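The structure follows.
Nothing here was measured: the structure is a model prediction, and the numbers come from that model. In each ligand, atom 1 is the first atom listed, and ligand 1 is the first ligand listed. We're numbering straight along the sequence, starting at 1.
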Amino acid sequence: MTDADLTIPADLLPKDGRFGSGPTKVRPEQLAALAATGTSYLGTSHRQEGVRSVVRRVREGIAALYGLPDGYEVILGNGGATIFWDIATVCLIERRSQHMAFGEFSSKFAKATAAAPHLEEPSVLKADYGHAPDAFAPVAGIDAYCLPHNETSTGVMTRIERPDGADAGALMLVDATSAAGGLPVDLTQTDAYYFAPQKGFASDGGLFFAILSPAAIERSERLIPQRWVPPTLDLGIHIEQSRLEQTYNTPALATLFLMAEQVDWMNAQGGLDWATERTGESARILYTWADKSPYAEAFVTDPAKRSTVVGTIRLEDKIDAATVVKALKTNGIVDVGAYRAAGYNGLRVGLFPAIEPADVEALTACIDWVVDRMTP
Ligand SMILES: *Cc1c(COP(=O)(O)O)cnc(C)c1O
């Protein structure tokens with residue numbers, strides 16, 4: 001088998017070959033809209049109306065997409081979801097947190113709180129890659145429950161529900177980095193629903209967004225004066241700046257603009273219901289194909305936990321996934337390799353709202369085409 005034999009017929013190829021799980025496909029229309037701003041936006045001050053109006057557009061757009069419960073606010077700042085873990089560690093967790101840790105991202109947050117000298121050792125509920133704990137295990141003294149809505153490294157999604165039997169006032173901190181925009185959620189079950197823009201919102205990295213409940217805002221207002229909090233991690237500053245439609249220090253203006261375009265597009269198409277229907281359709285296509293395939297199967301064995309925004313597929317051992325990934329790449333289909341640390345022979349496919357379900361269908365045909373031509 002040579003590379004020349006592996007040119008997939010053009011009529012099988014997806015229109016867009018980007019199926020990565022972060023950064024994810026940016027729609028060409030978003031980029032064109034950014035380019036069309038010409039000299040009026042990039043290169044102008046983030047303290048002036050030109051940029052602040054884009055921050056307002058994003059904040060109002062997210063509020064419209066989710067239909068915010070009373071008193072909830074959309075906050076943003078620099079640093080991505082990773083920084084929000086540090087912000088939560090210093091501004092939202094009072095003494096002790098409980099974490100579900102079942103992949104790279106959820107484990108990292110647990111590590112961040114474990115390293116904090118002002119907090120007690122966190123309670124950590126673990127599960128193997130491809131699985132997730134079914135529920136929290138509330139104990140007295142836990143004041144924050146932390147989980148990802150979608151574990152991007154393994155393609156496992158969770159149900160977002162406050163734990164029964166938690167202490168009154170305990171906060172629910174939900175990492176929605178790959179889930180937001182593509183999975184349904186009842187925000188009244190959350191106190192911080194936080195995410196970065198380069199996954200479900202087809203933008204670029206560098207910012208965090210957090211939808212905060214009144215309880216989360218009150219908690220931060222109480223804790224911050226009691227601790228040394230560096231200004232970049234001070235949630236109070238981020239709240240104050242967000243209310244002014246700006247960020248504490250300079251944001252990535254292109255990221256903000258691409259985000260605004262995508263949020264407006266999703267709202268115009270029919271909002272979160274439309275977006276979750278579309279990711280659901282892409283997921284049905286992928287998992288139905290895997291079910292029928294003689295050589296592929298869903299990596300996540302529990303159908304209820306199979307993510308509809310990041311699909312993970314195990315290939316039978318005699319088919320080397322890295323070879324499949326390489327062949328797809330030479331045909332312009334990129335970033336479908338499994339997350340390395342997840343440790344299975346297989347693929348990971350972004351199913352975010354920006355991705356056309358028809359392209360997911362085309363991808364499955366391309367995988368079949370490549371595997372047919374591989375000699376085991
Ligand atoms: C990508 C990702 C992160 C990290 O986001 P950054 O913007 O790189 O900090 C955190 N959590 C989840 C679930 C992710 O998918």
Side-chain angles (χ1 to χ4, degrees), residues 18-26 58 62 75-89 92 97 99-113 124 126-127 129-133 145-160 172-183 185 190 192-211 232-233 235 238 247 251-252 254-256 258-259 262 279 300 305-312 335-342 348-355:
R18 292 172 293 173
F19 294 97
S21 296
T24 64
K25 173 188 168 187
V26 178
V58 174
I62 293 171
I75 305 304
L76 74 161
N78 279 318
T82 303
I83 293 289
F84 195 81
W85 294 328
D86 295 334
I87 291 174
T89 300
L92 291 174
S97 50
H99 299 256
M100 287 192 193
F102 52 94
E104 286 302 295
F105 295 108
S106 45
S107 302
K108 261 188 172 169
F109 187 17
K111 270 190 209 128
T113 60
V124 181
K126 292 188 180 158
Y129 285 140
H131 301 268
Y145 289 86
C146 311
L147 83 171
H149 195 181
N150 186 72
E151 178 45 79
T152 318
S153 61
T154 59
V156 173
M157 64 181 185
T158 60
R159 282 191 334 149
I160 301 303
M172 270 282 275
L173 310 181
V174 182
D175 180 354
T177 299
S178 54
L183 294 186
V185 68
T190 75
Y193 192 73
Y194 60 91
F195 49 91
Q198 75 278 15
K199 313 254 169 109
F201 288 102
S203 179
D204 210 351
L207 295 170
F208 74 81
F209 290 85
I211 303 177
T232 52
L233 301 183
L235 188 55
H238 294 303
T247 49
T255 299
L256 270 173
L258 295 171
M259 175 84 178
Q262 186 68 356
T279 56
V300 178
K305 294 190 173 111
R306 246 170 237 166
S307 173
T308 56
V309 283
V310 174
T312 46
D335 299 337
V336 295
Y339 194 88
R340 194 181 294 263
R348 180 177 66 157
V349 180
L351 306 167
F352 301 102
I355 291 166

Original post:
Quick one: does Asn150 get a heavy atom under 4.0 Å from ligand 1?
Top reply: yes

Original post:
Distance-only, no hydrogens or angles: does the Arg306 side chain make a donor-acceptor pair with backbone N or O of Val300 under 3.5 Å?
Top reply: yes

Subject >> Sub-4.0 Å heavy-atom contact, Trp85 with ligand 1 >> reply: yes

Original post:
Judged by non-hydrogen atoms, does Gln198 sit under 4.0 Å from ligand 1?
Top reply: yes

Original post:
At what distance is the nearest protein heavy atom to atom 11 (N) of ligand 1, and which residue and atom is it?
Top reply: Asp175 OD2, 2.6 Å

Original post:
Quick one: does Thr279's side chain have a donor or acceptor within less than 3.5 Å of a partner on Gly182's backbone?
Top reply: yes

Original post:
What is the nearest protein non-hydrogen atom to atom 15 (O) of ligand 1, stated with its residue, atom name and distance?
Top reply: Thr152 OG1, 2.4 Å

Original post:
Between Phe195 and Phe201, does the ring centroid distance fall short of 6.0 Å?
Top reply: yes

Original post:
Can the ring centres of Tyr194 and Phe84 be said to be less than 6.0 Å apart?
Top reply: yes

**OP:** Mark yes or no: Lys199 above the aromatic ring of Phe105, with NZ or CZ under 6.0 Å from the six-membered ring centre and no more than 45 degrees from the axis.
**Re:** yes

Original post:
Any N or O of Lys199 that comes nearer than 3.5 Å to an N or O of ligand 1?
Top reply: yes

**OP:** Taking atom types as modelled, find out whether Tyr129 and Glu104 have a side-chain donor-acceptor pair closer than 3.5 angstrom.
**Re:** yes

**OP:** Verify the ring-centre separation between Phe109 and His99: is it less than 6.0 angstrom?
**Re:** yes

Original post:
Identify the closest protein heavy atom to atom 4 (C) of ligand 1: which residue and atom is it, and at what distance?
Top reply: Thr82 OG1, 3.7 Å

Subject >> Nearest-neighbour protein heavy atom for atom 5 (O) of ligand 1, which is reported as residue plus atom name and distance >> reply: Ala81 CB, 3.7 Å

Original post:
Is Gly79 close to ligand 1, meaning an N/O of one under 3.5 Å from an N/O of the other?
Top reply: no

Original post:
At a 4.0 Å threshold, what atoms of ligand 1 neighbour a non-hydrogen atom of Ala196?
Top reply: 7 (O)

